[in-house]
Protein chains: 2
Amino acid sequence: MADLNSALLMFISARSAETRIHEAVSAAGYDDLSPAMGRIAAQIAEEGSRVTELADRARITKQSASVLVDQLERAGYVARVPDPADARAKRVTLAPRGREVQQVARRVERAIERDWTRHLGAERMRVLRETLTDLRAITDPYAD
Amino acid sequence: MADLNSALLMFISARSAETRIHEAVSAAGYDDLSPAMGRIAAQIAEEGSRVTELADRARITKQSASVLVDQLERAGYVARVPDPADARAKRVTLAPRGREVQQVARRVERAIERDWTRHLGAERMRVLRETLTDLRAITDPYAD
DNA sequence: TGATATAGTCAGTTCTGCTGACCAATCTGT
DNA sequence: ACAGATTGGTCAGCAGAACTGACTATATCA
């Protein structure tokens, strides 16, 4: 199976990582978290984030983000607190259960990086990351 | 914005490519093709492919594939013809409209590869593809 | 102060995928 | 040769995740 295009090659490994994280989190007992909920929860900053901020970073509409935050809130992973600086806004903050699951997810992320490094070797892994980061200049419309 | 994990870095560029292909195809007048329809149509072999085959290659269930082929058929991109070798099976073949759009899509794919190569340089692009291909060994559960 | 922009929600819809149940044809082992 | 298992495919029903459009409340700026 030769010449897959480069984008597909990336997609294969990216999806593998996402699936692996989701499965690990689920197996650790947090099985009421959907992939989309996880993706958005991963964006929440230490001091809390606004729904609109989360939406921007996850590249979805604020309406979609709002629904996902609802679900996260109902499941006890996050809380909405009023933003002291702006009465229109709320800050979405991690609840204790949210912090727990974040740790699990981060642990798996590190394990994946380790596995990939073991397979490729440290130098090729470094070059891979460097190249991918460089590529963002022309592929990431947000490029934080 | 530093240290995104490697999988996310891949996802950013992969999605950029998929969006670009879908937009180009849509702009070329094939605007009744959804991304999922495009993804499955891209798998159709010259001699035609079975629904189950398409499903396997696109990593979706045969039921989902069947629905997508329905839509493609209704929109005139493909035809279902009986398989002479197996009375249970049908072969999904590209209709003229399907061939047209395939050419457009392939042209965009090549343009993307060119753009990425221009940005990264030929040698880094080669190494990138090589590394990604190598990584499939541990991230692609199918690995054709 | 009035016009405009921003934060967020509500309602409704579309797309994409899933599971389960089923039918018809083919293949296999005795 | 034929009963049972496997394979190709469809139908029906459902769920998750995204979208657009319309709306309210607050902030900001000219």
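Convention: sequence-line order gives letters A, B, ...; per-chain numbering from 1. Please read all numbers here as calculations on a predicted model, not as lab measurements.
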Look at the side chain of [X] and the base of [N], then say whether one donor and one acceptor between them are separated by less than 3.5 Å.
{"X": "Arg88(B)", "N": "dT26(C)", "result": "no"}
{"X": "Gln63(A)", "N": "dG21(D)", "result": "yes"}
{"X": "Lys62(B)", "N": "dG9(D)", "result": "yes"}

Of the nucleotides [options], which has the atom closest to the [X] side chain?
{"X": "Ala36(A)", "options": "dA17(D), dT9(C), dG9(D)", "answer": "dA17(D)"}
{"X": "Pro35(B)", "options": "dG8(C), dT16(C), dT26(D)", "answer": "dT16(C)"}
{"X": "Asp86(A)", "options": "dA18(D), dG8(D), dA7(C)", "answer": "dA7(C)"}

Can you tell me how far [atom2] of [N] sits from [atom1] of [X], to the nearest Å?
{"X": "Arg91(B)", "N": "dG9(D)", "atom1": "CZ", "atom2": "C1'", "answer": "14 Å"}
{"X": "Asp83(A)", "N": "dG8(C)", "atom1": "CG", "atom2": "P", "answer": "8 Å"}
{"X": "Lys90(B)", "N": "dA25(C)", "atom1": "NZ", "atom2": "C1'", "answer": "12 Å"}
{"X": "Asp70(A)", "N": "dG16(D)", "atom1": "CG", "atom2": "P", "answer": "14 Å"}

Would you say Ser66(A) reaches dC10(C)'s phosphate, i.e. side-chain N/O to OP1/OP2 under 4.0 Å?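 No, because none of the side-chain N or O atoms of Ser66(A) sits under 4.0 Å from OP1 or OP2 of dC10(C).
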
Below the 4.0 Å mark, does dG8(C) have OP1 or OP2 next to a side-chain nitrogen or oxygen of Thr52(A)?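 Checking dG8(C) against Thr52(A), a side-chain N or O does come within under 4.0 Å of OP1 or OP2.
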
Considering only heavy atoms, which members of residues 71-78 of chain B lie under 4.0 Å from some atom of DNA chain C?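 Those residues whose heavy atoms fall under 4.0 Å from DNA chain C, taken from residues 71-78 of chain B, amount to none.
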
Keeping to residues at least two apart or across chains, list the salt bridge (charged side-chain N to carboxylate O under 4.0 Å, His left out) pairs with something in residues 31-48 of chain A.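 Qualifying pairs: Glu18(A)-Arg39(A), Asp32(A)-Arg97(A), Glu46(A)-Arg99(A).
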
Touch check for Thr61(B), heavy atoms < 4.0 angstrom, all strands: base, sugar-phosphate only, or nothing?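 Base, at least one base atom sits under 4.0 Å.
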
